[in-house]
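Beneath this line is the structure, given in structure tokens, with notes to follow.
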Amino acid sequence: MTVRVRFAPSPTGYLHIGSARTALFNYLYARHVGGKFLLRIEDTDLARSTEESTRSILDGLAWLELSHDEDIVFQSDNADKHRETARRLLAEGKAYRDFTVREAPSDANVKDAIKDRARAAQGEKNMRDNPFRDLSEAESEARAAAGEPFAIRLKVPMHGRTAFDDAVYGIQERNYDDTEDLVLLRSDGHPLYNLAVVCDDIEMQITHVIRGQDHLTNTHKQVLIYEALGVTPPTFAHLPLIMAPNKGKLSKRKHGEVVSMTTYRDAGFLAAAFRNFLALLGWSAGEEQEIYSLDELIAKFSLEGIHRSNAVFNFHESDPRKWTDDKAIWMNAEYIRTMPFEDLLPFIKPELKAAKLWRDEYDDDEREWFESTVNLIRQRFFTLKDFSNQGRAYFSEDFDFDPAAIEKNLSKYPDLKMWLPELAERFEAEFDTLPYTEENIETVVKAFTEEKGTKLGVIMNGARTLLTGVAVGPSMLSVFETIGLERTILRLRSQIAWNA
RNA sequence: GUCCGGUUCGUCUAGGGGUUAGGACACCGCCCUUUCACGGCGGCAACACGGGUUCAAAUCCCGUACCGGAUACCA
């Protein structure tokens, strides 16, 4: 039997980090065993589902390059089948009509309301005490025929327990006493989550359900539905949750952008790097390797390697330099500086284009210069954005000067205001005949420094600031060379920074 | 409240009866260097607690604590 897994997000917001990892694990498992990775949009909550969310989720998956097999299933399209299934269970006596008048949904904090209600019941609550559970068939039919609204609830057996062998958490058991007669169909005829999921998973012939462990109790309910339907449940694998730094729930509402996949795409992350990071959040191959290509992840992924304990996504809200997890940033930087140039180019190009820094010559005449420049500057970059921000001066004459750099490297040495234009003269004269190479540049700059009776660092850092606008970067000799003689002279003469 | 799950450096994790408890990120120091966020070397830092089983427990069992999840006519 071929393995079929699905990723089933509800379109109530963008793709967040937890869902993304669930999608990734499903994808990796499917690819590992040569199965199918399916996508189902759980849009049965008409009030909260939006098309925009669906699009955003699809965008996120596309960015992560998690391509699905077969057509996307929209759960709402199957509502009739879900209703039919509920009616069948009713007809078979495995479900019953509940004529209890529906409570108005509490508007405030739903979670808290539920918790309060549960606590108030003080364990006194008998999950089987619904007065309509044992209503005679005749009376049930009569009341329904009279037009009285009813919900359909599953008739959970009085004695026994649900059990399944979770691929991650092992044997899971739960007494029927702890599960209420769950509603399958709302009184307005709307099918509910657990019913819809089971019906669709059966219909889609899902063999493995890989999802967050927040679904563990749902799974018991779903097993009950499978049993009522006489269908063997799939294998379940529940994933540990991804938590906020305070070990609380990571939520869109509380933590905002940092949990959204699009944030990472827009911040200049490479999908490969982020995927790699995500894969290691709750899974490990049991070895010390950290960097994995997609093919390696697929080759090494296994359900056995999934952890049971939750993982913290360690971002620092108050520190702009660590706005997201350190390791994610490090991994992205690692990819940026070690990827083959040809693989990186397709990402740098659009980045530079968007910043109006791209020139077509980089593709042919200046290809060599472009490549060596990128290889030079990418060593200290963290995201693709750095190419257009910190790297701007390499590609454009229109760049800003970092005030801190001016302060540190120029203001402190007023003589530089004269010296650097003078150095420009010197360059112009010397390199009229001499080749503009690192070696020769070093000789010229050193001689110049000695004449002025100053330290090499003063001249070099002053020049760095004028040439690149920032205080950090590669070896200054390389910078001189890659910026080129002409632009070096122009920038050394410029007084813009001094007037800033 | 009840049910379920979890607990190894700050974080991600390896290990799963005998290890100097390993790696990565972060942090700190030294080196390289004109700067630096690259690189090299090094350092700091963990088995939640209490019982038991055992010659031996981070590892197995029980309990406690703490954290998390669930408990809807949401998904």
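Throughout, a chain's letter reflects where its sequence line sits, starting with A, and its residues are numbered from 1.
- rG29(B) is paired with rC41(B) under the criterion used here, namely a Watson-Crick or G-U wobble arrangement in which both key atom distances are under 3.5 Å.
- With hydrogens and angles ignored, a donor-acceptor pair under 3.5 angstrom links the side chain of Arg48(A) to the base of rC74(B).
- Summary of the strand contacts: Ala285(A) and Gln75(A) both lie near RNA chain B, and taking for each the nucleotide with the nearest heavy atom, the more 5' one is attributed to Ala285(A).
- In this structure, NZ of Lys412(A) is placed 13 Å from P of rU35(B), rounded to the nearest angstrom.
- Looking at heavy-atom distances under 4.0 Å, Lys455(A) makes no contact with the nucleic acid at all.
- When both pairing distances are held under 3.5 Å, rU35(B) makes no Watson-Crick or G-U pair with any nucleotide shown.
- Few gaps surround CD on Glu287(A); more than 12 heavy atoms of other groups in view lie less than 6.0 Å from it.
- Which of rG39(B), rA14(B), rA75(B) sits closest to the side chain of Glu334(A) comes down to rG39(B).
- In this structure, Lys322(A) places its NZ atom 5 Å from C1' of rA26(B), rounding to the nearest Å.
- If you check distances only, the side chain of Ser475(A) does reach the base of rU34(B) with a donor-acceptor pair under 3.5 Å.
- Within a 6.0 Å sphere centred on CD of Glu439(A), heavy atoms belonging to other residues, nucleotides or ligands number 12 at most.
- Base pairing annotation: rU54(B) forms no Watson-Crick or G-U wobble pair, as no partner gives both donor-acceptor distances under 3.5 Å.
- One can place NE2 of His215(A) at 16 Å from P of rC74(B), the figure rounded to the nearest angstrom.
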For this session: Indicate for each nucleotide in nucleotides 4-12 of chain B, in 5' to 3' sequence, whether protein heavy atoms under 4.0 Å reach the base (B), only the sugar-phosphate (S), or nothing (-).
Result: SSSS---SB
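- Closest to the Arg321(A) side chain, of the nucleotides rA70(B), rA37(B), rA75(B), is rA37(B).
- Separating the C1' atom of rA56(B) from that of rG17(B) is a span of 7 Å, rounded to the nearest Å.
- Look at the P atom in both rC4(B) and rG63(B): the space between them is 12 Å, to the nearest Å.
- Rounding to whole angstrom units, CD1 of residue Ile291(A) and P of rA24(B) are separated by 12 Å.
- Between rG23(B) and rC44(B), the two C1' atoms lie 16 Å apart (nearest whole Å).
- The P atoms of rU59(B) and rG15(B) are separated by 16 Å, rounded to the nearest whole Å.
- When heavy atoms are screened at a 4.0 angstrom cut-off, Thr100(A) is found touching base atoms of the nucleic acid.
- Nucleotides rC60(B) and rG18(B), compared at atom C1', are 15 Å apart to the nearest Å.
- Relative to the ring axis of Phe448(A), Lys452(A) places its NZ or CZ within 45° and under 6.0 Å from the centre.
- For rC3(B), the paired base is rG69(B) (Watson-Crick or G-U wobble, both distances below 3.5 Å).
- In this structure, Ile329(A) reaches neither bases nor backbone, as no heavy-atom distance under 4.0 Å exists between it and the strands shown.
- Of the residues near RNA chain B, Glu287(A) and Ser478(A), the one whose nearest nucleotide (by heavy atom distance) lies more toward the 5' end is Glu287(A).
- Rounded to an integer number of Å, the gap from Asn375(A) CG to rG39(B) P is 15 Å.
- Between Lys408(A) and rU34(B) there is no side-chain N or O to OP1 or OP2 distance below 4.0 Å.
- Look at rG17(B): it lacks any Watson-Crick or wobble partner with both distances under 3.5 angstrom.
- A cation-pi contact links Lys252(A) to Tyr14(A), judged by a cut-off of 6.0 Å to the six-membered ring centre and 45° from its axis.
- Closest approach to the Met460(A) side chain among rA70(B), rU34(B), rC25(B) is made by rU34(B) (side chain taken as heavy atoms from C-beta onward).
- Using P as the reference atom, rU7(B) and rU11(B) are 14 Å apart when rounded to the nearest Å.
- Nucleic acid contact for Gln379(A): sugar-phosphate only, since backbone atoms but no base atoms lie under 4.0 Å from a heavy atom of the residue.
- With hydrogens and angles left out, the side chain of Asn218(A) and the base of rA70(B) share no donor-acceptor pair within 3.5 Å.
- Rounded to the nearest Å, the gap between the P atom of rG6(B) and that of rC62(B) is 12 Å.
- With no hydrogens or angles considered, no side-chain donor-acceptor pair links Thr217(A) and His220(A) at under 3.5 Å.
- Contact annotation for Asn461(A): base contact, defined as any heavy-atom pair under 4.0 Å involving a base atom.
- With hydrogens and angles left out, the side-chain atoms of Asn218(A) and Tyr193(A) include no donor and acceptor closer than 3.5 Å.
- With a cut-off of 3.5 Å on both Watson-Crick or G-U wobble distances, the partner of rC49(B) is given as rG63(B).
- Spacing between atom CG of Asp201(A) and atom P of rA75(B) amounts to 15 Å, rounded to whole angstrom units.
- Met331(A) comes within 4.0 angstrom of nothing in the nucleic acid, heavy atoms only.
- Within the 4.0 angstrom heavy-atom criterion, no nucleotide atom of any strand lies near Pro245(A).
- Among the atoms of the strands shown, only primed sugar atoms or phosphate atoms (P, OP1, OP2) are found under 4.0 Å from some heavy atom of Gly286(A).
- Per the geometry, CZ belonging to Arg97(A) stands 16 Å off C1' belonging to rC73(B), to the nearest Å.
- Annotation: rA70(B) and rA75(B) have their C1' atoms spaced 13 Å apart (nearest Å).
- Between the side chains of Thr454(A) and Thr449(A), not a single donor N or O lies within less than 3.5 Å of an accepting N or O.
- Counting only N and O atoms by type, the side chains of Asp166(A) and Gln172(A) include no donor and acceptor under 3.5 Å apart.
- Here Gln390(A) lies in heavy-atom contact (under 4.0 Å) with a base.
- Remark: side-chain polar atoms of Asp386(A) are paired, donor with acceptor, to backbone N or O of Phe382(A) under 3.5 angstrom.
- Looking only at atom types and distance, the side chain of Ser140(A) has a donor-acceptor partner in the side chain of Arg97(A) under 3.5 Å away.
- The phosphate of rG68(B) has neither OP1 nor OP2 within less than 4.0 Å of any side-chain N or O from His238(A).
- Glu180(A) places its CD atom 12 Å from the P atom of rC74(B), with the value rounded to the nearest Å.
- Shown are Arg133(A), Arg153(A), Lys155(A); of these, the salt bridge (Lys or Arg N to Asp or Glu O under 4.0 Å) with Asp181(A) is made only by Arg133(A).
- Contact annotation for Asp177(A): no contact, since no heavy-atom pair falls under 4.0 Å across all strands.
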